[in-house]
Student: 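The structure that follows is given in the form of structure tokens.
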Number of protein chains: 4
Amino acid sequence: MDPDARRAAILLAARAVFARKGYHKAGIADIVSEVGVARGTFYRYFESKRDVFQQILQSMMAEVVSVVVPIDVAGEIPPQVFANLDRLIRAITAEDVCRVLFSEALGIDEEADDALRAFYGQALGRIEAALQTGQGLGIVQGGDVRLKARCLLGLIKEPVVQASIDGADLDADQLVTEIHQLLQHGLLRV
Amino acid sequence: MDPDARRAAILLAARAVFARKGYHKAGIADIVSEVGVARGTFYRYFESKRDVFQQILQSMMAEVVSVVVPIDVAGEIPPQVFANLDRLIRAITAEDVCRVLFSEALGIDEEADDALRAFYGQALGRIEAALQTGQGLGIVQGGDVRLKARCLLGLIKEPVVQASIDGADLDADQLVTEIHQLLQHGLLRV
Amino acid sequence: MDPDARRAAILLAARAVFARKGYHKAGIADIVSEVGVARGTFYRYFESKRDVFQQILQSMMAEVVSVVVPIDVAGEIPPQVFANLDRLIRAITAEDVCRVLFSEALGIDEEADDALRAFYGQALGRIEAALQTGQGLGIVQGGDVRLKARCLLGLIKEPVVQASIDGADLDADQLVTEIHQLLQHGLLRV
Amino acid sequence: MDPDARRAAILLAARAVFARKGYHKAGIADIVSEVGVARGTFYRYFESKRDVFQQILQSMMAEVVSVVVPIDVAGEIPPQVFANLDRLIRAITAEDVCRVLFSEALGIDEEADDALRAFYGQALGRIEAALQTGQGLGIVQGGDVRLKARCLLGLIKEPVVQASIDGADLDADQLVTEIHQLLQHGLLRV
DNA sequence: CATGAATGAGCTTTCATTCAT
DNA sequence: TATGAATGAAAGCTCATTCAT
């Protein structure tokens, strides 16, 4: 088995184990028995339990970030926004991403916390910038973009997180539609 | 010191410790040294570390639930909604509530997970019911109330969680205003 | 059992175990099973395996140093020298002192190495000073006192170390006599 | 590369590594990376870490033993003694010999301990025999030759060991002179 | 009832050794 | 024959929990 494949296999197993048991209940024993290698093998590929976790975190964050593409203001904007939304929801709906990124990541250690802060900072920064541009174009409501960005993030994240907590499946299309409507008309009828 | 007071003191200390260090990094040693009692005393009042945590969780959930009062459909509705919103945000903005309830609670054990599921189930159930009533009264947009409820929860929760992650303060009034606007007009200008 | 006694018991057991098996082959398991306490108990009294070892080393060095008393130049010198010699040999003849101090101490870690260097530095410094005084008084041969001190140390140490290696007993009196003769007349007959 | 040369190269590297880091801190990884061969190759030439160490020990002991040549009683004795002394000191002054033979060798395992005991037994036996001969010739002081031999060994060994501990250089000539003087006249002036 | 020393299961990590390529 | 990835026993250490005082 070539090193890259093995490394990937361990990473995959670790992802599954962390998603299933959470960081603290997951033991190296769980991971290696899942891959079918010896304990020592794990340490040939990763420095420590924290190390694998960090790498999984990083790759998950990168995956999530990568699906959001900058909006081309020359083109039609709403379709681009909703395409992003759609991809984003599908990205974070993956069972393991959701559990690891949204429930387990915080509080492991300073390094992971920093990475997570950076991730949220980057994500929120992008959303804020987009909203600001939107305000300039007159297509986004006025007000504090900082808070708006956070609300928007929650709007997207929470249904996914709740579905994960419930162990229920999530209809991404329906969610996109619902969020779409919310963004355009709000929740209340005036 | 009478038992109830002592029990309360331990509970309070544990809350602070869990909020400060998180469930896993918090040790019984931290809690007892905070209260100034011996380790053994802790176990006279609580069965285990998980036990205190559960009780704290329960009381936090009760606090949060209690601030949301049913809406009197006979009276004017929007002010009641926003009063609820305001109280809710203030309730979950408390540093310890936010950290414990939203970051630490999930994944401790099955029992806590169940409690949390029940909490979210109850909270979302209430919101859903209110939205359904609203739809009947024609003051809430049509569509899936289940998803709407989850979005609404996220809308409220996320800015608070992010402020906690950033270690930043949150202007509750401003947040209420922002959410108010979002609920009424959405994020986009049509 | 009071803490001081328990601490002393663990220290004693550790001393015996280190002397018997050497630092590296000695496990915490050996030590605690020797005292009859649980693993955790060990760590209530000592921070780590290195920590006990360091403390044992320190106490052994202190024991050895303490038996050598400064020479009163006002009084008769040779008896004082030989009394020191006698006490010193008896001190380092103790089986565990010899093994731990002379065979195991070097190379555990930087801290222990420094402590040992300091110990030898102090011991040799004292001997050098005494020799220098002796040269001033005309009772010690001329020449490099630094080297003389080291030779003298070896003269004393080696027979003890060899006895320990052989597992043989050592007649301290006879050794003192022999060293006495060597110091006064050398090994060769002119 | 022919097997003998490779074997020699590994032996040399292992010597250097053991001298530099000590037996326990030295890893097979250190040795093989020093030679530039793979781990597996090491095990084609040596059975185990202990095995290389033993062989190094044996060769060091042989080197040291070889420099001491029997004294020809027909010829002039003192020059022969001092020539032996001189060669011996130079032999054990080699940094790696000193560290490996005098600090690391004891306590690795039973086999090494036996080898070391045999080495010291042989060395001391020779010295004793020489001293006995010397006593017969009337050029060595009377008394227990067993102890005398051990003292003599320490006299030689200790300055070398101390220099190694200090990381200082040793002037072999000066040491020979000093020991010479000590053997002839003792340390004290009568 | 309060105490806090004692407990020991269980964790992560290391590294000499093996063996398929 | 050389390789180096894989192995897994064994080590040190932690900490929630217990229980004699």
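First the proteins, then the strands, lettered A, B, ... as listed; each starts at 1.
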Student: How many whole angstroms separate atom CD1 of D:I31 from atom P of E:dC15?
Tutor: 13 Å
Student: Give a yes/no on whether any side-chain N or O of B:Y43 is located under 4.0 angstrom from OP1 or OP2 of F:dT17.
Tutor: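 Looking at the OP1 and OP2 atoms of F:dT17, one of them is under 4.0 Å from a side-chain N or O of B:Y43.
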Student: For D:I28 and E:dT18, what is the distance between atoms CD1 and C1' respectively, to the nearest whole Å?
Tutor: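 After rounding, the reported distance stands at 13 Å.
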Student: Touch check for C:G27, heavy atoms < 4.0 angstrom, all strands: base, sugar-phosphate only, or nothing?
Tutor: sugar-phosphate
Student: Between D:T41 and F:dT3, is there a side-chain N or O to OP1/OP2 distance below 4.0 Å?
Tutor: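 Answer is yes, contact under 4.0 Å.
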Student: Quick test of your reading of the model: are C:E63 and C:R15 salt-bridged, counting only N-O distances below 4.0 Å?
Tutor: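 Judged by the 4.0 Å cut-off on N to carboxylate O distance, C:E63 and C:R15 do form a salt bridge.
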Student: Quick one: A:F46 CZ to F:dA6 P, roughly how many Å, whole number?
Tutor: 12 Å
Student: Starting from C1' on E:dG4, measure out to CG on C:D2 and report it in whole angstrom.
Tutor: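 Computing the C:D2:CG to E:dG4:C1' distance gives 14 Å.
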Student: D:R117 and C:D166: salt bridge (Lys or Arg N to Asp or Glu O under 4.0 Å), yes or no, with the steps?
Tutor: CA-CA 7 Å; D:R117 252 191 292 271; C:D166 287 350; over 6 Å; no
Student: Mapping A:F42 and B:G40 to their closest nucleotides on DNA chain E, which lands nearer the 5' end?
Tutor: B:G40
Student: Side chain of C:A38 only, please: which of E:dT7, F:dT7, E:dT13 is the nearest?
Tutor: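 Nearest to the side chain of C:A38 among the choices is E:dT7.
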Student: Should C:Y45 be listed as having a side-chain N or O under 4.0 Å from OP1 or OP2 of E:dA6?
Tutor: yes
Student: More than 12 heavy atoms of other residues, nucleotides or ligands under 6.0 Å from CZ of B:R20: yes or no?
Tutor: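 It does: B:R20 CZ has more than 12 such atoms within range.
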Student: Roughly, in whole Å, what's the span from CE in D:M1 to C1' in F:dT3?
Tutor: 16 Å
Student: Between A:R6 (side chain only) and A:M1 (backbone N and O only), is there a donor and an acceptor less than 3.5 Å apart?
Tutor: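 Side chain of A:R6 to backbone of A:M1: no pair is present.
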Student: Rounded to whole angstrom units, what separation is found between the CZ atom of C:R6 and the C1' atom of F:dT21?
Tutor: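 Distance check: C:R6 CZ to F:dT21 C1' gives 14 Å.
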Student: Quick check: on DNA chain E, is the nucleotide nearest D:A29 upstream (toward 5') of the one nearest C:P3, or the reverse? Name the residue that is more 5'.
Tutor: C:P3
Student: Find which nucleotide of DNA chain F each of B:E47 and D:R44 is nearest to by heavy atoms, and output the residue with the more 5' nucleotide.
Tutor: D:R44
Student: Taking CD1 from D:I10 and C1' from F:dA2, how many angstroms apart are they, rounded to a whole number?
Tutor: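 Result: 11 Å.
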Student: Select base, sugar-phosphate, or nothing to describe what D:V37 touches, counting heavy atoms under 4.0 Å on all strands.
Tutor: sugar-phosphate
Student: Taking the six-membered ring of D:F18, is the NZ or CZ of D:K49 close enough (under 6.0 Å from the centre) and on axis enough (within 45°)?
Tutor: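 No, D:K49 and D:F18 do not form such a contact.
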Student: Give none if E:dA6 has no partner; otherwise give the nucleotide forming a Watson-Crick or G-U wobble pair with it, both distances under 3.5 Å.
Tutor: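 Result: F:dT17.
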Student: Closest nucleotide of DNA chain F for B:H24 versus for C:S48: which of these residues is on the 5' side?
Tutor: C:S48
Student: How many Å lie between CZ on B:F53 and C1' on F:dT17, as a whole number?
Tutor: 19 Å
Student: What about B:R39: does its side chain form a donor-acceptor pair under 3.5 Å with the base of F:dT18?
Tutor: no
